[in-house]
Amino acid sequence: MSSNRTLLFNRLEVKYWIDRTTRTALTRDLLAFMRPDAHSDAAGAYLVRSLYYDTPDFMAFQEKVAGVMTRHKLRVRAYGENPNETPIVRFEVKSRYLSYIHKITVDIQRGDYEEIESSLQRRLLPPVRVMENTSVSKEFFRLLRQYNMSPKVLIQYRRQAFERVELGRVRANFDDELFATSHLDLLGPLRGGRRLQQYGRAIFEIKVDGVMPYWLHQLIAKYNLQSEAISKYCFAMRSEARFSAVGRPAEYV
């Protein structure tokens, strides 16, 4: 494999629904403390596309809905306006323990991903050279095989992100233009995408490695933000009509 890296970190994550007016004012305040993410385009944002995995009985979905305090999420992710041209594909295992996140991230070269994807589609382990590479975490493939997971839905959205480094890394982002589809081609054109958000609504997310800084607490209080258990994956699965839509929050219908 020509390029890979593994990241291990623990962090606090909280999410909020916000409207366009709040977003405009909050963005101005964030820029007083943070800078735009280095990967942003000229408009200050970038496209994210994720392929989510789950078990035949949708264990990950059910655990999220039930609020299980310790759970795992597997996804494969590509970045950029043209996923077909992305040089890197990211494999992620995201584990939650109470309010804290532990994530294992491995970046794979595009050519290696296509070979791995072919193996996974045939329910086989990745090529031997991948499994024998000591610098690549095998946790994604271990959980995939242990729980008999397979891709269930493809999600795409646009992210406007900000970052700051204090004692730990602080990130804040707005996610909108959220679409989901049952066509599971991560690097191909988006087909059959269904919009999961109302126009003018966005998900505001805060990610902190360590303790949330005081100035961020002040911003949350200033705009009276109320954190919610927001899951793009759960929204997408409900939009697939695989689960009941009764009681679905108005924010994403």
Side-chain angles (χ1 to χ4, degrees), residues 1-9 11 35-53 73-94 101-122 124-144 149-163 165 169 171-193 205 207 209 232-233 236:
M1 302 180 66
S2 52
S3 175
N4 61 74
R5 63 193 178 109
T6 302
L7 303 175
L8 295 170
F9 51 89
R11 70 184 179 194
R35 61 181 176 84
D37 186 281
H39 298 96
S40 300
D41 59 21
Y46 54 87
L47 201 68
V48 182
R49 184 179 287 187
S50 300
L51 189 61
Y52 283 80
Y53 285 71
K73 178 165 59 182
L74 273 64
R75 64 191 177 200
V76 181
R77 188 168 267 189
Y79 297 88
E81 291 297 323
N82 298 302
N84 188 51
E85 299 176 2
T86 184
I88 296 294
V89 176
R90 176 167 293 179
F91 285 74
E92 293 185 355
V93 177
K94 187 174 183 181
I101 302 299
H102 175 253
K103 184 186 286 187
I104 301 174
T105 303
V106 178
D107 288 348
I108 304 292
Q109 286 288 341
R110 165 67 180 274
D112 294 317
Y113 168 71
E114 293 176 345
E115 191 173 356
I116 293 171
E117 179 187 36
S118 176
S119 297
L120 297 183
Q121 287 176 345
R122 290 177 289 147
L124 301 175
L125 286 173
V128 174
R129 61 189 177 82
V130 175
M131 299 305 292
E132 291 183 348
N133 190 327
T134 57
S135 65
V136 176
S137 172
K138 312 304 186 302
E139 186 67 3
F140 182 97
F141 307 114
R142 184 189 70 80
L143 290 172
L144 193 75
M149 289 178 141
S150 60
K152 299 300 182 184
V153 70
L154 183 69
I155 298 175
Q156 176 179 290
Y157 55 91
R158 188 168 301 280
R159 169 164 289 179
Q160 180 187 16
F162 307 88
E163 60 184 358
V165 178
R169 190 181 186 208
R171 287 179 57 84
N173 50 257
F174 300 100
D175 295 340
D176 60 7
E177 299 181 28
L178 178 61
F179 292 88
T181 178
S182 58
H183 296 281
L184 305 178
D185 184 2
L186 178 67
L187 303 182
L190 184 70
R191 295 185 296 140
E205 184 175 20
K207 305 174 183 179
D209 296 346
K232 298 183 184 74
Y233 174 58

Practice prompt. Kindly indicate, with the supporting measurements, whether the criterion side chain to side chain contact (heavy atoms under 4.5 Å, CB included) is fulfilled by Gln109 and Ile88.
Written response: CA-CA 5 Å; Gln109 286 288 341; Ile88 296 294; 3.8 Å; yes
Practice prompt. Taking all non-hydrogen atoms of both residues into account, name the closest pair between Leu190 and Thr181 and its distance.
Written response: CD1-CG2, 3.6 Å
Item to complete: Could you check if a side-chain atom of Val89 sits within less than 4.5 angstrom of a side-chain atom of Leu187, using non-hydrogen atoms only?
Response: yes
Discussion item. Could you work out, with side chain to side chain contact (heavy atoms under 4.5 Å, CB included) as the rule, every residue matching Glu115, not counting sequence neighbours?
Written reply: Pro127, Arg129
Discussion item. For the OH atom of Tyr113 and the OG atom of Ser118, what is their distance to the nearest 0.5 Å?
Written reply: 11.0 Å
Discussion item. Distance check, rounded to the nearest 0.5 Å: Glu117 atom CD versus Leu186 atom CG?
Written reply: 7.5 Å
Worksheet item: What are the two closest non-hydrogen atoms of Pro83 and Thr86, and how far apart are they?
Response: O-CG2, 2.9 Å
Worksheet entry | Partner set under side chain to side chain donor-acceptor pair (under 3.5 Å) for Asp176, not counting sequence neighbours | Arg23
Worksheet entry | For Tyr157, ring pair (Phe, Tyr, Trp, His ring centres under 6.0 Å) partners two or more places apart | none
Worksheet, complete the sentence: Taken in chain and number order and not counting sequence neighbours, the residues that satisfy salt bridge (charged side-chain N to carboxylate O under 4.0 Å, His left out) with Arg142 are Glu139
Item to complete: Would you mind reporting whether Arg110 and Asn84 have side-chain heavy atoms less than 4.5 Å apart?
Response: yes
Practice prompt. Could you grab the distance from atom CG of Asp112 to atom CG of Asp107, nearest 0.5 Å is fine?
Written response: 12.0 Å
Worksheet entry | Contacts of Asp175 that satisfy salt bridge (charged side-chain N to carboxylate O under 4.0 Å, His left out) - sequence neighbours left out | Arg159, Lys232
Fill in: Qualifying residues under ring pair (Phe, Tyr, Trp, His ring centres under 6.0 Å), relative to Phe162, sequence neighbours excluded
none
Worksheet item: By side chain to side chain contact (heavy atoms under 4.5 Å, CB included), which residues pair with Tyr53, not counting sequence neighbours?
Response: Leu51, Leu74, Val76, Leu120, Phe140, Leu144, Met149, Pro151
Fill in: Which residues share a side chain to side chain contact (heavy atoms under 4.5 Å, CB included) with Glu92, sequence neighbours left out
Arg75, Arg77, Tyr79, Arg90, Lys103, Thr105
Fill in: Whether over 12 other heavy atoms sit under 6.0 Å from His39 NE2
no
Worksheet item: Could you give all pairs that pass the salt bridge (charged side-chain N to carboxylate O under 4.0 Å, His left out) test and reach residues 180-189, with sequence neighbours left out?
Response: none
Worksheet, complete the sentence: Taken to the nearest 0.5 Å, the spacing of Ile155 CD1 from Tyr52 OH works out to 4.5 Å
Worksheet item: So, for Tyr46 and Ala161, which heavy atoms are closest and what is the spacing to 0.1 Å?
Response: OH-CB, 4.0 Å
Response to the item:
Hits for side chain to side chain contact (heavy atoms under 4.5 Å, CB included) against Leu47, two or more places apart or cross-chain, chain-then-number order -> Glu81, Gln156, Arg158
Discussion item. Going by the rule side chain to side chain donor-acceptor pair (under 3.5 Å), which residues pair with Arg35 if we only count those two or more places apart in sequence or in a different chain?
Written reply: Glu163
Worksheet entry | All salt bridge (charged side-chain N to carboxylate O under 4.0 Å, His left out) counterparts of Lys207, not counting sequence neighbours | Glu205
